[in-house]
Amino acid sequence: MSITNIDHYIAGHVVAGTSGRAQDVYNPATGAVSGRTALASTAEVDKAVAAAQAAFPAWAETSPLRRARILFKFLELLNHHRDELARLITAEHGKVFTDAQGEVTRGIEIVEFATGIPQLLKGDFTEQVSTGMDNWTMRQPLGVVAGITPFNFPVMVPMWMFPVAIAAGNTFILKPSPIDPSPSLFMADLLKKAGLPDGVFNVVQGDKEAVDALLAHHDVKAISFVGSTPIANYIYETGARNGKRVQALGGAKNHMVVMPDADLDQAVDGLIGAAYGSAGERCMAISVAVLVGDVADKIMPKLIERTKALKVKNGMELDAEMGPIVTGIAHQRITGYIEHGAKEGAQLLVDGRGFKGKAAGAGCDNGFWMGGTLFDHVTPEMKIYKEEIFGPVLSCVRVPDFATAVKLINDHEFGNGVSCYTRDGHVAREFGHRIQVGMVGINVPIPVPMAWHGFGGWKRSLFGDMHAYGEEGVRFYTKQKSIMQRWPESTPKGAEFAMPTSK
């Protein structure tokens, strides 16, 4: 099998790495090395920033409508090549092809939102704030901005960032995960074909050295990040200390409350899909089922049956429900959590560690395979409850009533996503009102907001003040300017020494 070199994209061209450092890229289904991605040095990051800085003045002066037209062309190309992007995701991440198609679609929706930038950049105008004086506001781009994105959504998460950023007039540097870097270059190529000027969008492959170089660079005005909470905290503190605007989305421990009156078949469908879809490697995965009252004894047999019946296969098989774990290191980490949960006294009802790669299909013997894992009688003191596992592990916690369920969730350090399954409108309203979590679903297992609403959690799931994409994304990538104006004919004579007021 040939090994592909995956390089940087700077000033409109693929640029080979010069740092002498690189990292293997694997096909998680087979365990085979499929590529080598360059790891940028600080000097290479500097070149990308210089290219973006050089492109910024002309791009910022380009009218929003012309910027939107380029995005419309990009949108057309994305729709034409969506399955190619999905195949790249499956080949390097491992998620099933249908899930990868859904990821691309959700990214495309952000591009659709960003094409409305002429409307989104409109300011406010007030005539005659004082005699002969008018006041208005406008939003202008920041300059060079950067996105640091995770392995689990190599297309969607970058599209949370760069379409809005470049639509608003910024130039952009993407630092994708070195685990699945190929989609970044594919998107760069489509942007060039859409007519985006060279230097407006750049890609630097890399690891912590590239991240630190972006955080330290004076010309990078804002950083967007999605990843684990410890790294999000580091990005936020370091970026803010260096005078940058930062939005850093961190980890999660998402709960689904199942009330006694819930439709149990719908709740089981929701839990199975949300816990084991994408092998649990997504920040909106449901990893804790909070079973209220007597619902636990009714739902557990159904969960056991469905977890055991999961179709764990090569992601390119169209009937696959779950693919492999993304890397061997991630597989070891998840295995360690399962071992720890069993030692702490949680009841291990389905153990995914026994799944063998040969059952996933031809050529999969050496892949990073694991089945779904199901724990019951998990308690809040256990490590598998407190920490984000980021794998196909569902922990069930039994509570006596609704109030206890709400308190349990509100006491957790994370506040990313949450769901409640119920037929009771009062319970649903109280849950939405009282829960201290940023994204809430009522009979919706994964409540990822649509493109025009914005994504972000609470507590240690978000560092910064503004959510990703939506109108808050536009505000994050722009700065407001207020202009007050009057003309000589309406200006009173004489100096005014008091604070100006409306007259």
Side-chain angles (χ1 to χ4, degrees), residues 103 105-117 119-122 139 141-142 145-150 152-153 155-170 172 174-175 221-229 231-237 239-240 244-255 282-285 388 409-410 412-419 432-433 435-442 444-480:
E103 173 185 340
T105 298
R106 289 305 296 262
I108 285 173
E109 289 169 358
I110 308 297
V111 181
E112 290 173 330
F113 169 78
T115 60
I117 198 67
Q119 171 70 19
L120 295 166
L121 288 180
K122 285 171 61 177
R139 304 206 69 87
L142 303 177
V145 299
I148 301 165
T149 58
N152 57 330
F153 289 101
V155 169
M156 183 184 73
V157 171
M159 286 195 198
W160 285 1
M161 302 172 185
F162 75 78
V164 179
I166 64 177
N170 302 281
F172 195 90
L174 173 63
K175 205 298 291 178
K221 303 303 181 185
I223 298 278
S224 299
F225 171 82
V226 176
S228 69
T229 284
I231 305 303
N233 196 3
Y234 171 78
I235 296 286
Y236 180 71
E237 291 182 350
K244 304 186 190 312
R245 187 177 291 189
V246 183
Q247 57 178 187
L249 282 68
K253 196 72 177 179
N254 304 316
H255 300 68
R282 50 190 179 195
C283 64
M284 288 296 284
E388 183 177 36
I409 296 166
N410 286 349
H412 205 286
E413 67 171 323
F414 296 127
N416 205 51
V418 71
S419 180
H433 178 64
I435 211 71
Q436 295 172 16
V437 176
M439 292 170 283
V440 181
I442 305 298
V444 175
I446 302 180
V448 177
M450 298 307 291
W452 50 96
H453 282 293
F455 182 104
W458 287 12
K459 297 185 280 191
R460 288 183 61 78
S461 294
L462 174 67
F463 297 83
D465 300 320
M466 298 182 193
H467 291 186
Y469 65 84
E471 291 190 8
E472 285 214 352
V474 176
R475 286 192 284 272
F476 178 78
Y477 290 121
T478 57
K479 51 196 173 188
Q480 178 178 290

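- Side-chain contact between Arg245 and Lys479: present, with at least one pair of heavy atoms (C-beta onward) separated by less than 4.5 Å.
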Could you go through the side chain to side chain contact (heavy atoms under 4.5 Å, CB included) check for Asn416 and Met439 one step at a time? CA-CA 6 Å; Asn416 205 51; Met439 292 170 283; 3.7 Å; yes
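- Note that the CZ atom of Phe455 and the CH2 atom of Trp160 stand 3.5 Å from one another [nearest 0.5 Å].
- When all heavy atoms of Pro158 and Thr149 are compared, the closest pair comes out as CG-OG1, 3.8 Å.
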Run the salt bridge (Lys or Arg N to Asp or Glu O under 4.0 Å) test on Arg106 and Glu103 for me, step by step, so that the C-alpha distance in whole Å, both residues' side-chain angles and the decisive distance to 0.1 Å come before the verdict. CA-CA 5 Å; Arg106 289 305 296 262; Glu103 173 185 340; over 6 Å; no
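- The two residues Ser461 and Gly415 make their nearest non-hydrogen contact at OG-N, 3.1 Å.
- The two residues Leu249 and Gly456 make their nearest non-hydrogen contact at CD2-CA, 4.5 Å.
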Val437/Trp458 under side chain to side chain contact (heavy atoms under 4.5 Å, CB included): CA gap, chis, key distance, verdict: CA-CA 6 Å; Val437 176; Trp458 287 12; 5.9 Å; no
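- Using a 4.5 Å heavy-atom threshold, the side chains of Ile435 and Asn410 count as touching.
- Atom NE2 in His412 sits 5.5 Å away from atom NE2 in His255 (nearest 0.5 Å).
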Could you go through Val246 and Phe463, starting from their C-alpha distance and side-chain angles, then the distance that decides it, and tell me whether this counts as side chain to side chain contact (heavy atoms under 4.5 Å, CB included)? CA-CA 8 Å; Val246 183; Phe463 297 83; over 6 Å; no
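- A donor-acceptor distance shorter than 3.5 angstrom exists from the side chain of Thr229 to the backbone of Gly251, with no hydrogens or angles considered.
- Heavy atoms only, all atoms of each residue included: Ser224 and Tyr477 are closest at OG-OH, 2.7 Å.
- The structure places CZ of Phe414 at 10.0 Å from NZ of Lys459, a figure rounded to the nearest 0.5 Å.
- Of the inter-residue distances, the one linking Lys253 atom NZ with Arg460 atom CZ reads 15.5 Å to the nearest 0.5 angstrom.
- Taking NE2 of His467 as the start and CZ of Phe476 as the end, the distance is 12.5 Å to the nearest 0.5 Å.
- Proximity of Phe113 to Pro163: side-chain heavy atoms (C-beta onward) are nowhere separated by under 4.5 Å.
- Atom CD1 of Ile235 is separated from atom NZ of Lys244 by 11.5 Å, given to the nearest 0.5 angstrom.
- Between Ala232 and Ala248, the shortest heavy-atom distance links the atoms O-CB, 3.5 Å.
- Using a 4.5 Å cut-off on side-chain heavy atoms (C-beta onward), Phe172 and Asn170 make no contact.
- Within 6.0 Å of CG in Asp465 there are 12 or fewer heavy atoms belonging to other residues, nucleotides or ligands.
- Considering every non-hydrogen atom in both Pro150 and Val157, the closest pair reads CD-CG1, 3.7 Å.
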From CA spacing to verdict: side chain to side chain contact (heavy atoms under 4.5 Å, CB included), Glu112, Glu109: CA-CA 5 Å; Glu112 290 173 330; Glu109 289 169 358; 3.8 Å; yes
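- No side-chain heavy atom of Val440 sits less than 4.5 Å from a side-chain heavy atom of Pro447.
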